[in-house]
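Just so you know, residue 1 is the first one in the sequence shown, and it goes up from there.
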Amino acid sequence: MVADQKKMVYYFETALTPNTFWVDLKKIDFSEKASVRKLDLSNDKTYSGETSAEFVVSKPFKFIGL
């Protein structure tokens with residue numbers, strides 16, 4: 001993973017595919033009213049290119065207490 005903090009873009013590469021994909025954080029709604037979203041990586045899904053539109057609505061992550 002590489003983070004371009006000035007342009008607010010995160011780049012990813014996995015060991016399972018040769019594809020590089022990235023998320024333009026300026027395209028994601030981080031407001032308080034926005035729904036929780038995730039990039040689904042289950043079932044061997046692969047991505048290529050800019051993926052901010054590929055995020056799907058999800059339940060919030062539940063932390064397990066200590």
Side-chain angles (χ1 to χ4, degrees):
M1 186 199 69
V2 174
D4 183 337
Q5 295 175 345
K6 287 187 178 184
K7 293 183 181 178
M8 295 182 62
V9 178
Y10 274 67
Y11 299 89
F12 299 90
E13 184 177 86
T14 71
L16 303 176
T17 66
N19 303 345
T20 300
F21 62 97
W22 56 93
V23 179
D24 185 344
L25 297 177
K26 296 181 300 297
K27 295 182 178 182
I28 296 179
D29 183 2
F30 288 103
S31 70
E32 193 172 321
K33 295 179 182 178
S35 59
V36 174
R37 295 182 170 268
K38 70 176 182 179
L39 187 61
D40 188 7
L41 301 174
S42 64
N43 300 319
D44 299 323
K45 288 187 181 177
T46 60
Y47 299 96
S48 181
E50 205 284 313
T51 59
S52 63
E54 301 294 328
F55 281 68
V56 295
V57 175
S58 176
K59 292 181 183 179
F61 181 79
K62 188 171 183 174
F63 287 95
I64 298 175
L66 297 175

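Side chains of K6 and D4 form a contact here, defined as non-hydrogen atoms less than 4.5 Å apart. Side-chain contact between D40 and Y47 is present, with heavy atoms from C-beta onward closer than 4.5 Å. Proximity of M1 to E13: side-chain heavy atoms (C-beta onward) are nowhere separated by under 4.5 Å.
Separation of atoms CZ (F12) and CG (N19) is listed at 14.0 Å; rounding is to 0.5 Å. The structure places CG of L16 at 10.0 Å from OG1 of T46, a figure rounded to the nearest 0.5 Å.
Under the 4.5 Å side-chain heavy-atom criterion for Ile, Leu, Val, Met, Phe, Trp and Tyr, M8 and L39 are members of the same hydrophobic cluster. Taken together through direct or relayed side-chain contacts under 4.5 Å among Ile, Leu, Val, Met, Phe, Trp and Tyr, V23 and V2 form parts of separate hydrophobic clusters. Hydrophobic clustering (ILVMFWY, side-chain heavy atoms < 4.5 Å, transitive): I28 and V9 are in distinct clusters. By the criterion of side-chain heavy atoms lying less than 4.5 angstrom apart, applied directly or through intervening Ile, Leu, Val, Met, Phe, Trp or Tyr residues, F30 is grouped together with Y10 in one hydrophobic cluster. Residue V57 is not grouped with residue F61 when hydrophobic side chains (ILVMFWY) are merged at heavy-atom distances under 4.5 angstrom, including chains of intermediate members.
The number of heavy atoms from other shown groups lying within 6.0 Å of NZ (K59) does not exceed 12.
One N or O on the side chain of E50 and one on the backbone of S52 form a donor-acceptor pair closer than 3.5 Å.
Across every non-hydrogen atom of R37 and F55, the tightest pair is NH1-O, 3.2 Å.
Ring geometry for Y11 versus W22: interplanar angle of 30 to 60°, hence tilted.
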Run the salt bridge (charged side-chain N to carboxylate O under 4.0 Å, His left out) test on K45 and E54 for me, step by step, so that the C-alpha distance in whole Å, both residues' side-chain angles and the decisive distance to 0.1 Å come before the verdict.
CA-CA 11 Å; K45 288 187 181 177; E54 301 294 328; over 6 Å; no

